[in-house]
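The structure under discussion appears below in the form of structure tokens.
Just so you know, these numbers use all the heavy atoms, side chains as well, and skip hydrogens, waters and symmetry mates. Note that ligands are numbered from 1 as they come in the structure, with each ligand's atoms numbered from 1 the same way.
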Amino acid sequence: MTSDTPDFSQGAAFVEGRYVPAREARVSILDWGFTRSDVTYDVVHVRDGGFFRLDDHLDRFERSLAGLRLVPPHARAAIAAILDRCVALSDLRDAYVAMICTRGRPRVFGSRRPADCDNLFSAYAIPWIDVIPPDVQARGAHLHIASVPRIPAASIDPTMKNYHWGDLTRGLFEAHDAGADTAVLLDAEGFVTEGPGFNVFMVRNGEVLTPDRGALEGITRRSVLELCALTGVPARLAPLRREDLLSADEMFCTTTAGGVMPVSRVDGHIMGNDAPGPLSLRLKQLYWQKHAEGWHRTEVNYTGAGT
Ligand code: PLP
């Protein structure tokens, strides 16, 4: 590598039509994605050289775009090619791959009309991230039920992936102040929703339950529900309250950036032997086993990186 060759080893990004090292990627300070959180995004992972459920992530990204009236300047196939190229340039076998569409800037300076903005598409691939670190997953995460309620779904639809993280960030501070690893938020009516970057599940009397409201329709959540169906484990969406979590036999969280992540404590409630539960561990093992078997896999085209 010469000094002029970009160093993509810590990730590659696509911004304003150019591929740059992820650390150098910048968007304008005037982009409404920054000034108004007027943005949607999605994150897909690459495991051992293959995307997992790429089409499902692109489908959800398209639904979020439509819901927020954002129109990126690239069609779906071009977006898939950009994601592939970001991974290939960085030569990562395990990667966190984000696609982002911001409102951009108004064509007419000073306009307050969202329709006057040129929407901007950006993407990046960076080394694998676990939302809950592997050592914490191994002992089981400690969850704190936050006092701050999740932003109402009628205001910000949680099924459109967004950066309205003010409530989740407050929840994280609360959790860390309480000595917990991360947070789970209730809605204003007291129903369990989700946490900062993950869906939550509980197991009670052999049944797997996950909130029926107030949460992103997680692709990992869908995978877990499919794995339950495949293995004959009863599972369903249900209205869940704090008391339900406090009576759980097991809990786990799910996300693209980590997979199935066991929980051992929620507030004062210690589950099992203060360790990941057996069904959580079985689902986690199965989730990665299915990856290794090529379930929902799209190969990364590493050879096209230089073209
Ligand atoms: N909920 C929130 C708020 C998230 O940000 C995420 C993922 O980033 C999830 C849930 C999990 O969704 P997925 O499994 O599709 O990654």
Quiz item: Any idea which part of T254 is under 4.0 Å from ligand 1, heavy-atom wise: side chain, backbone, both or neither?
Solution: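 Under 4.0 Å from ligand 1, T254 contributes backbone atoms alone.
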Quiz item: Taking heavy atoms and a distance under 4.0 Å, where does Y163 meet ligand 1: side chain, backbone, both or neither?
Solution: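 Neither; no heavy atom under 4.0 Å.
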Report yes or no: does [X] have a heavy atom closer than 4.0 Å to ligand 1?
X	result
R222	no
A215	no
Y41	yes

Exercise. Go through ligand 1 atom by atom and flag the ones less than 4.0 Å from a non-hydrogen atom of G218.
Key: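 Answer, ordered by atom number: 12 (O), 13 (P), 14 (O), 15 (O).
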Would [X] count as being in polar contact with ligand 1, using the rule that some N or O on each side must be under 3.5 angstrom apart?
X	value
E217	no
E194	yes
W165	no
K161	yes
I219	yes

Self-check item: Pairing of D118 and R105 as salt bridge, 4.0 angstrom limit
Solution: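 The answer is no: the pair does not qualify as a salt bridge.
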Quiz item: Looking at D181 and R265, does any basic side-chain N land under 4.0 Å from a carboxylate oxygen?
Solution: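 Answer for the salt bridge query: no.
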Taking the side chain as everything from C-beta on, heavy atoms only, tell me whether [X] gets closer than 4.5 Å to [Y].
X	Y	result
Y302	D84	no
F61	R76	no
H74	F14	yes

When you measure from [atom] to every protein heavy atom, which one gives the shortest distance, and what is it?
atom	answer
atom 16 (O) of ligand 1	T256 OG1, 2.6 Å
atom 14 (O) of ligand 1	T220 OG1, 2.6 Å
atom 10 (C) of ligand 1	F198 C, 3.4 Å

Quiz item: Under the side-chain contact (heavy atoms from CB on, under 4.5 Å) criterion, do Y41 and Y163 qualify, and how do the steps go?
Solution: CA-CA 8 Å; Y41 75 114; Y163 287 148; 3.4 Å; yes
Exercise. Please determine if R241 forms a cation-pi arrangement with F191, meaning its NZ or CZ atom is less than 6.0 Å from the six-membered ring centre and no more than 45° off the ring axis.
Key: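 The answer is yes; both the distance and angle limits are met.
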Quiz item: To which of L168, N199, V43, N162 does the heavy atom nearest atom 11 (C) of ligand 1 belong?
Solution: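 Looking at heavy atoms only, N199 sits closest to atom 11 (C) of ligand 1.
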Quiz item: More than 12 non-hydrogen atoms from neighbouring residues, nucleotides or ligands closer than 6.0 Å to CZ on R23, yes or no?
Solution: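 No.
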Exercise. Show the numbers, then the answer: is there a side-chain hydrogen bond (donor to acceptor under 3.5 Å, both in side chains) between R139 and S264?
Key: CA-CA 7 Å; R139 68 140 155 81; S264 55; 5.1 Å; no
Quiz item: When the ring planes of F52 and W295 are compared, do they come out parallel, tilted or perpendicular, using 30° and 60° as the limits?
Solution: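 If you compare the ring of F52 with that of W295, the planes turn out tilted.
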